[in-house]
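As the structure is a prediction and not an experimental result, all values here were calculated from the model.
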Amino acid sequence: MAQATQSYRRSLSGSVGAGMKSVFGGGGRTYYMLVHKVSSKYHKAGESQPIIVDEIEIGRDPRCQVRFDDSFTTVSRRHAAIVRDGEQWKLIQLSTTNSTYLNGHHVHKEWYLQNGDEIQLSTNGPKLGFIIPEGDKGKVSSIGLTARLNLFRKQALRPYKTGLIVLASVLLLAIAGLIWQQFQMDTAQKEYNAYVEKQEQEFKKLSDSLSSIQQNYDSLQSKYTQMAQSNEALAKRVNSLRHQIRQVKGPSSSELKPYEKYVYYVEVAYIDIKTPDGDMVQVSGKDIGWSGTGFLLSDGTFVTARHVARAWDFWKDASGVNSTLLQMKMLDERGGKIVAHYIAASSTGDLIEFSSERFRYTTRSDRSIEGIPLGVAGANDWAYIPSLKGGGGLKYDSAKSLQLTKNTKLTIIGFPFGFGVGFSRVEPPVSSATVAKDNLENGAILTTDSGSEHGNSGGPVFYMDNSGKLVVIGLVSGGVGNNTGIVTPIGNFK
């Protein structure tokens with residue numbers, strides 16, 4: 001009989017921690033099965049119950065992973081436990097009133113289990129067979145992912161029933177939020193269609209007005225050819241009008257080409273996860289990854305949004321809690337480590353590889369929920385890697401970004417919803433926006449006339465200077481409602 005080195009206590013690492021290892025990285029982990037030899041309310045005789053966590057409890061308590069109904073009066077509420085000890089498993093006596101037997105022998109404290117052993121709860125009580133599958137069938141990875149997730153819910157989360165209720169409540173709220181968001185989107189679409197029709201009419205009027213202005217200009221130029229001073233004043237006025245027209249119409253496709261080559265589609269390739277107890281798990285970006293936009297500045301700095309570089313810092317948004325990102329953030333906060341590895345591609349075919357560890361960003365917590373820091377869109381939603389790549393980049397104006405005036409027209413280049421990324425090409429779509437108010441609001445630029453879609457995040461936002469050149473003044477951070485965007489000024493960090 002083994003001697004106990006310390007008292008048994010139910011632990012989060014033995015249930016939830018071990019369950020996450022089995023779900024996300026079960027390659028070398030083993031499991032065992034308990035074969036029920038007596039029918040009960042919860043299990044039939046002959047049923048095999050796979051166990052993928054490092055500790056379980058057996059009894060009539062609802063939090064027990066192997067449960068018997070109240071008709072088994074000689075089974076205690078917490079009768080016995082099975083816990084991992086290195087590469088072996090131990091049967092531990094928990095009940096102070098009812099005995100436990102292993103192959104007919106009374107277990108006083110604990111006993112190591114062997115393949116084929118028979119466990120009995122009390123004299124004449126129910127019996128369980130302890131079976132360890134042989135070879136590769138004994139590894140957790142032989143169980144499908146869907147089945148492992150189901151076992152994780154029943155075995156790792158069952159002892160924490162209150163937590164499950166809270167999680168379910170959050171999920172219901174998230175679903176309600178999605179329904180409301182869909183309703184708002186339908187309403188916004190109707191308003192947008194009416195707005196487009198109105199703008200087309202206004203554009204026709206503007207075109208007619210511009211034609212009239214052009215005719216007047218030609219007449220004036222012919223009439224005052226000999227008046228140099230008047231011609232100079234008139235030329236300045238015409239140039240100003242042409243600049244305003246270009247701002248309304250925006251740059252042409254050919255004018256945008258020199259800027260597009262410095263804009264990159266950013267995608268997660270894979271994620272390295274180190275648990276608090278030192279175990280390493282690698283997850284493919286296709287499973288829980290995300291994408292966004294980044295760009296190169298003229299000094300070689302690579303810039304994107306912080307919620308693209310470190311998505312787990314932004315585990316909750318208007319649509320609700322992202323449970324996967326929340327788990328990653330909790331690991332990061334409690335001694336674990338998350339490192340995301342990215343691939344960035346431009347329209348020229350240029351590829352850049354980097355990891356989240358290389359980014360510089362503010363460690364300031366915008367807000368906190370139940371002690372867990374949460375980043376939000378706005379002034380602090382920036383991340384950059386200095387001197388990542390030489391050979392040119394986008395011109396930027398830090399001072400201008402902090403003092404834009406209302407109604408300034410802006411141009412945005414990015415990859416909303418991944419549009420513009422094909423099998424053999426990368427060509428970022430272009431959108432526009434308008435500055436909604438003078439200067440900044442809570443450290444950020446507010447825009448209107450344009451939404452801020454997922455995937456556009458981290459993309460460059462330009463204004464047109466007096467020479468007709470596009471200059472970066474910020475990056476896409478997020479949106480508020482359906483028509484207000486939030487732009488992080490480049491002057492906040494450069």
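Between P133 and Y31, some side-chain heavy-atom pair lies under the 4.5 Å cut-off. Inter-residue side-chain proximity for V35 and L128 is flagged as unmet; no heavy-atom pair is nearer than 4.5 Å. In this structure the side chain of L394 reaches within 4.5 angstrom of the side chain of P460, judged on heavy atoms. By the 4.5 Å heavy-atom criterion applied to side chains, L326 and K316 are not counted as neighbours. Two residues are said to be in side-chain contact when any heavy atoms from C-beta on lie closer than 4.5 Å; E110 and V83 fail this criterion. In this structure the side chain of E260 reaches within 4.5 angstrom of the side chain of V430, judged on heavy atoms. Between W382 and V303, every side-chain heavy-atom pair lies at or beyond the 4.5 Å cut-off. Put simply, the side chain of T362 does not reach to within 4.5 Å of the side chain of N492, judged on heavy atoms.
Remark: the R306 side chain and the Y361 side chain contain no N/O donor-acceptor pair separated by less than 3.5 Å. In the model, E57 has a side-chain atom that pairs as donor or acceptor with a side-chain atom of Y8 under 3.5 Å. With no hydrogens or angles considered, a side-chain donor-acceptor pair links K494 and T301 at under 3.5 Å. Under the 3.5 Å distance criterion, with hydrogens and angles disregarded, a donor-acceptor pair is assigned to the side chains of S76 and N98. In summary, the side chains of N439 and Q403 do not present any donor paired with an acceptor at a separation below 3.5 Å, with no hydrogens or angles considered.
W290 places a side-chain N or O within 3.5 Å of a backbone atom of V308 that can act as its donor or acceptor partner. Proximity of a side-chain donor or acceptor of S122 to a complementary backbone N or O of T74 within less than 3.5 Å is detected. Formation of a donor-acceptor pair under 3.5 Å by the D69 side chain with backbone atoms of K41 is found in this model. In this structure, E267 contributes its side chain and G289 its backbone to no donor-acceptor pair below 3.5 Å. Although no hydrogens or angles enter the test, the distance criterion places no donor-acceptor pair under 3.5 Å between the side chain of S142 and the main chain of G138. D381 contributes a side-chain N or O that, together with a main-chain N or O of H307, makes up a donor-acceptor pair within less than 3.5 Å. Panel note: side chain D117, backbone F130; no donor-acceptor pair is recorded below 3.5 Å. In this structure, R367 contributes its side chain and L374 its backbone to no donor-acceptor pair below 3.5 Å. Listed for the R148 side chain is a donor-acceptor partner under 3.5 Å among the backbone atoms of I143. Side chain of H36 to main chain of G129: no donor-acceptor pair is present (N/O by atom type, distance under 3.5 Å, no hydrogens or angles).
Remark: aromatic rings of F295 and Y262 are distant, center separation not under 6.0 Å.
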Does the pair R358 and L388 meet the rule for a side chain to side chain contact (heavy atoms under 4.5 Å, CB included), with working shown? CA-CA 10 Å; R358 299 187 62 183; L388 178 65; 3.6 Å; yes
Residue pair V281, M20: steps toward the side chain to side chain contact (heavy atoms under 4.5 Å, CB included) verdict: CA-CA 10 Å; V281 178; M20 289 184 66; over 6 Å; no
With salt bridge (charged side-chain N to carboxylate O under 4.0 Å, His left out) as the test, would you mind laying out the steps for D279 and R29 before giving the verdict? CA-CA 12 Å; D279 291 338; R29 289 180 58 80; 5.9 Å; no
F493 vs L475, test: side chain to side chain contact (heavy atoms under 4.5 Å, CB included). Steps then yes/no. CA-CA 11 Å; F493 58 95; L475 58 99; 3.8 Å; yes
Step by step, work out the side chain to side chain contact (heavy atoms under 4.5 Å, CB included) result for V263 and F415. CA-CA 9 Å; V263 180; F415 299 90; 4.2 Å; yes
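Of all heavy-atom pairs spanning T293 and T304, the tightest one is O-OG1, 2.7 Å. Of all the heavy atoms in I56 and L34, the pair that sits closest is CD1-CD1, 3.8 Å. Taking all atoms of both residues into account, the shortest heavy-atom contact from V376 to F314 is N-CE2, 3.3 Å. Summarising the geometry of P489 relative to L402, their closest heavy-atom pair is CB-CD2, 3.9 Å, with the distance given to 0.1 Å. Closest heavy-atom contact between A80 and T100: CB-OG1, 4.1 Å. Between V435 and L404, the shortest heavy-atom contact is CG2-CD1, 4.1 Å.
One finds no salt bridge joining D61 and R67 here, because no Lys/Arg side-chain nitrogen approaches an Asp/Glu carboxylate oxygen to under 4.0 Å.
Atoms NE2 and CD, on H341 and E353 in that order, are 10.5 Å from each other to the nearest 0.5 Å. Here the straight-line distance linking atom OG of S368 with atom CG of D366 works out to 11.0 Å at 0.5 Å rounding. To the nearest 0.5 angstrom, T488 atom OG1 is 10.0 Å from I473 atom CD1. Note that CD1 of I343 and OG of S291 are 13.0 Å apart. Values are rounded to the nearest 0.5 Å. Rounded to the nearest 0.5 angstrom, N380 CG and T363 OG1 are separated by 9.5 Å. Rounding to the nearest 0.5 Å gives a distance of 5.0 Å between CG of L151 and CD1 of I52.
Y342 pairs in a ring-ring contact (aromatic ring centres under 6.0 Å, His included) with only one of the listed residues (F302, Y264, Y265, F354), which is F354. Under the side-chain hydrogen bond (donor to acceptor under 3.5 Å, both in side chains) rule, K21 has a single partner from D277, T275, D54, which is D277.
Around atom NZ of K437, more than 12 heavy atoms belonging to other residues, nucleotides or ligands sit under 6.0 Å away.
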